[in-house]
Amino acid sequence: MPGTVIVGTQWGDEGKGKLTDLLTKQMQVVVRYQGGHNAGHTIVVDGESFALQLVPSGILYPWVTPVIGNGVVVDPAVLVAEIDGLEARGVDCSRLKVSGNAHLIMPYHSELDRLTERKLGKNSLGTTKRGIGPAYADKAARVGLRVQDLLDPKIFREKLEVVLKEKNLILAKIHNRLPLSADDIADLYLGELRTRIEPMIADSVGLVHDALEEGANVLFEGAQATFLDLDHGTYPFVTSSNPVAGGALIGAGVGPMHIQRVIGVAKAYITRVGAGPFPTELFDDNGDALVDRGHEYGTNTGRRRRPGWFDAVMVRQAVRLNSLTELAVTKLDVLDAFDTLKVCVAYEADGQKYLHPPYHQSILHKVKPVYEELPGWNLDLTAATTLDDLPEAAKSYLQFLSDACGVPVGLVGVGPGREQFVQFTDTSVSEDDDDDDDDWDDEDTGVVGPGILVI
Ligand code: GDP
Ligand code: IMO
Ligand code: MG
C-alpha cells in the first residue's frame with residue numbers, strides 16, 4: 001500500500017513539520033528516515049508550538065506509530081529529553097519506536113563537531129554542532145555504535161574502547177583537549193538512557209513492511225532538504241545524510257515501488273542557515289522584511305536565516321532529484337506586504353544561461369539570477385481557507401511557481417497554524433503536456449494549476 005515522502009526542496013525549514021502533521025490525519029505510521037536533532041520541525045496547534053527534533057511530527061495523533069528509522073542518528077540524551085518535554089505537555093510518546101540499526105551520536109561526536117567548526121574559523125560550514133557529521137562519518141567508517149548496542153553492555157563497551165582510543169588522540173593532539181572517559185560514557189549510555197530507550201527499540205524495517213502489507217498508509221518525513229543533501233546539495237555546505245526522496249528508501253528500508261507520492265515542500269521565498277552559495281540571497285530591506293515577517297530564526301539554534309527570492313532553478317532540480325509528484329508552497333502569507341515579487345527563473349554566468357544548477361560548484365558560486373517580476377497582493381491571506389479566498393495576484397504567483405518548476409501545487413500555507421492552509425480541491429492531474437496557460441486557471445474547477453487532492 002502507498003507510501004508518501006515529504007521532502008524539503010530548498011535549504012531546510014520549509015515547513016515539513018507542519019505538512020507532516022497535516023498529512024498524518026490519514027496515516028498509520030510516520031517514519032523519520034535521516035538526519036538527527038539538527039532538525040527543528042515546528043507544529044502549531046491552537047496557538048501552542050511544538051518544536052520537534054528527533055520525534056516524528058506524527059506524534060500528536062494518538063493512532064499513529066511514530067518511527068525513528070535506521071537512517072537517523074540518535075543522541076539518546078536528546079531523545080529522552082524531547083520525550084519528557086512532550087509528555088509534560090500531555091503528548092503520549094509510548095508508541096514511539098526507534099530502529100535498532102540507527103546509529104548513536106556519542107559525546108565525542110558533538111565535541112568534535114564543535115571543535116572542528118572552531119578550527120575551520122572563517123571556512124566553517126556553520127553546522128548545528130550537534131555531532132551529526134562526525135556520527136555519520138563513523139557510520140561510514142564502520143566504527144559507529146548503534147542503538148541495538150545499548151542492549152548488549154559487553155559489546156557496547158568493547159566497541160567504545162576501540163573507537164575512543166582514536167577519538168582521544170584526535171582530541172589531545174589536534175584540539176589540545178582532555179581525553180573522554182570510557183567509564184563515564186558507558187555509565188551514561190548504559191544506565192538511565194538505556195533503561196528509557198530499551199522499550200522503544202524495534203525492528204523498524206519489519207514494522208514498516210508489516211504495516212504496508214496490512215494496507216496502512218505510511219509517511220516518510222524528511223529532515224533538512226534537497227540542497228543540503230550530501231550528494232546533491234551544495235557540497236561541502238551540506239549535511240551528512242541524504243534528505244532526498246531516495247534517502248527514504250535507505251533510511252527506512254523500503255523499495256521504490258512502495259512510494260506513491262513525493263511531496264516537495266517549498267517556501268514561497270527561500271532561506272538558508274549556515275554558510276554556502278545562495279544565488280538569490282537578499283541583503284536589502286526586502287530580505288529584512290522576509291526575516292521579520294517570516295520569523296526566520298532557527299527553530300532550535302536561534303540563528304538568523306539568510307533570506308532570498310524564490311529560486312525556481314533549484315526547485316526545478318528538486319523535482320528531478322526527488323520525482324516530486326506535487327509541491328506544497330508554504331509561508332505565502334509572508335509575502336502579503338510586498339508590492340512586487342521576484343522569482344529566479346534561470347541563472348547566468350560567463351554569458352551562459354542555466355535552467356538547472358550548474359554541476360560545477362565554482363560556477364554556482366558566481367551565477368547571477370535572472371528574475372521575473374510579479375505583482376504582490378497587499379492583502380492579509382492568513383484567514384484564507386479556499387482558493388476563492390486568494391486574490392488573483394496570489395493565484396498568479398502560485399501558477400507562475402508551478403509553471404516555472406514544472407510541478408503541480410497541491411497545497412499552500414498561509415500561516416503557522418495547523419488550520420492555516422489552502423488546499424486545491426480538484427483531484428484530476430492534467431495529462432496535457434503543452435505549456436498552454438489555459439490549463440492552469442480553470443474557473444470551472446477553481447483550480448490553479450493541475451489540481452491534486454492533498455489531504
Ligand atoms: P521544517 O524544519 O521544514 O519543519 O520548518 P521549521 O519548523 O523549521 O520552520 C518553518 C517555520 O514556519 C515554523 O516556525 C512554522 O511554524 C512556520 N510556518 C510553517 N508554515 C507556515 C506558513 O504557511 N505561514 C507562516 N507564516 N509560517 C509557517
Ligand atoms: P530542518 O529539518 C536548515 C544546515 C546547518 C549547516 C548544514 C550542516 O529543520 O529543515 P549539520 O549540523 O547538519 O552538519 O549542518 O546544514 N542544517 C539545516 N538548515 N534546516 C535544517 O533542518 C538543518 N539541518 C542542518 O545550518 O548549514
Ligand atoms: Mg526546521
Side-chain angles (χ1 to χ4, degrees), residues 6-22 32-45 47-54 56-57 72-73 105 109-110 112-114 116-117 124-137 221-230 233-241 243 264-276 278 290 292-306 328-336 380-382 384 411-422:
I6 289 185
V7 62
T9 60
Q10 298 166 324
W11 279 300
D13 303 323
E14 296 92 348
K16 299 176 292 292
K18 175 181 161 176
L19 190 72
T20 301
D21 171 71
L22 273 175
R32 265 283 305 271
Y33 59 83
Q34 45 65 237
H37 65 299
N38 47 349
H41 294 183
T42 318
I43 306 169
V44 180
V45 184
E48 212 188 325
S49 184
F50 297 86
L52 301 168
Q53 295 183 271
L54 273 167
S57 301
V72 175
V73 283
I105 294 185
H109 290 138
S110 6
L112 286 169
D113 198 355
R114 273 193 300 274
T116 308
E117 280 287 275
S124 71
L125 304 178
T127 75
T128 58
K129 301 184 182 142
R130 303 274 155 91
I132 307 294
Y136 278 116
E221 177 186 7
Q224 290 81 53
T226 302
F227 294 95
L228 288 173
D229 185 277
L230 184 58
T234 47
Y235 191 91
F237 304 102
V238 293
T239 192
S240 299
S241 66
V265 193
K267 279 181 198 180
Y269 47 101
I270 188 170
T271 59
R272 168 166 211 165
V273 207
F278 187 167
L290 288 174
D292 289 348
R293 292 185 52 79
H295 307 292
E296 296 296 356
Y297 295 92
T299 307
N300 291 307
T301 60
R303 290 181 292 172
R304 184 185 193 270
R305 296 174 181 149
R306 298 157 62 193
V329 177
T330 58
K331 304 191 106 168
L332 190 66
D333 54 295
V334 173
L335 302 183
D336 284 358
D380 181 356
L381 299 188
T382 53
L411 178 140
V412 178
V414 291
R418 198 185 232 178
E419 71 295 346
Q420 288 180 293
F421 68 93
V422 174

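All figures in this text were calculated on a predicted structure; none of them were measured in a lab. Order of listing sets the numbers, starting from 1, for every ligand and every atom in it. Residue indices begin at 1 and follow the sequence shown.
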Based purely on interatomic distance, does [X] place a nitrogen or oxygen under 3.5 Å from a nitrogen or oxygen of ligand 2?
X    : value
R130 : no
T239 : yes
R303 : yes
E14  : no
S240 : no
V273 : yes
N38  : yes

key: For G17, atoms of ligand 1 separated by under 4.0 Å from a heavy atom   =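 Reading through ligand 1 atom by atom, the close ones are 4 (O).
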key: Element-labelled atoms of ligand 1 that are located less than 4.0 Å from some non-hydrogen atom of H41   =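 Listed by number with element, the hits are 1 (P), 2 (O), 4 (O), 7 (O).
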task = From atom 21 (C) of ligand 1, work out which of G15, G413, G415 has a heavy atom at the shortest distance.
result =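 Comparing heavy atoms across G15, G413, G415, the nearest one to atom 21 (C) of ligand 1 lies in G415.
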Within reach of ligand 1, part of [X] (heavy-atom separation under 4.0 Å):
X    : result
T42  : both
R305 : side chain
V265 : neither

message = Taking a cutoff of less than 4.0 Å between a non-hydrogen atom of the residue and any ligand atom, is G12 in contact with ligand 1?
response =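 Contact check G12 vs ligand 1: negative.
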request  = May I ask whether R418 places a heavy atom under 4.0 Å from ligand 1?
outcome  =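 Contact absent.
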Side chain to side chain donor-acceptor pair (under 3.5 Å) partner of E221, chosen from Q34, R32, H41, K16 = H41
Would you mind checking which non-hydrogen protein atom is closest to [atom], with the distance to 0.1 Å?
atom                    : result
atom 15 (O) of ligand 2 : T127 CA, 3.4 Å
atom 16 (O) of ligand 2 : L228 CD2, 3.6 Å
atom 20 (N) of ligand 2 : D13 OD1, 3.2 Å
atom 17 (C) of ligand 1 : K331 CE, 4.0 Å

query = Which ligand 2 atoms are under 4.0 Å away from a heavy-atom of A223?
reply =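 Near A223, meaning under 4.0 Å from one of its heavy atoms, ligand 2 has 2 (O).
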key: Contact atoms of ligand 2, heavy-atom distance to L125 under 4.0 Å   =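 Heavy-atom distances to L125 below 4.0 Å select 27 (O).
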task = Quick one: look at V238 and ligand 2, take heavy-atom pairs under 4.0 Å, and tell me if it's side chain, backbone, both or neither.
result =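 The answer is the backbone of V238.
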query = Could an N or O of ligand 1 be found under 3.5 Å from any N or O of K16, whether backbone or side chain?
reply =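 There is such a contact, yes.
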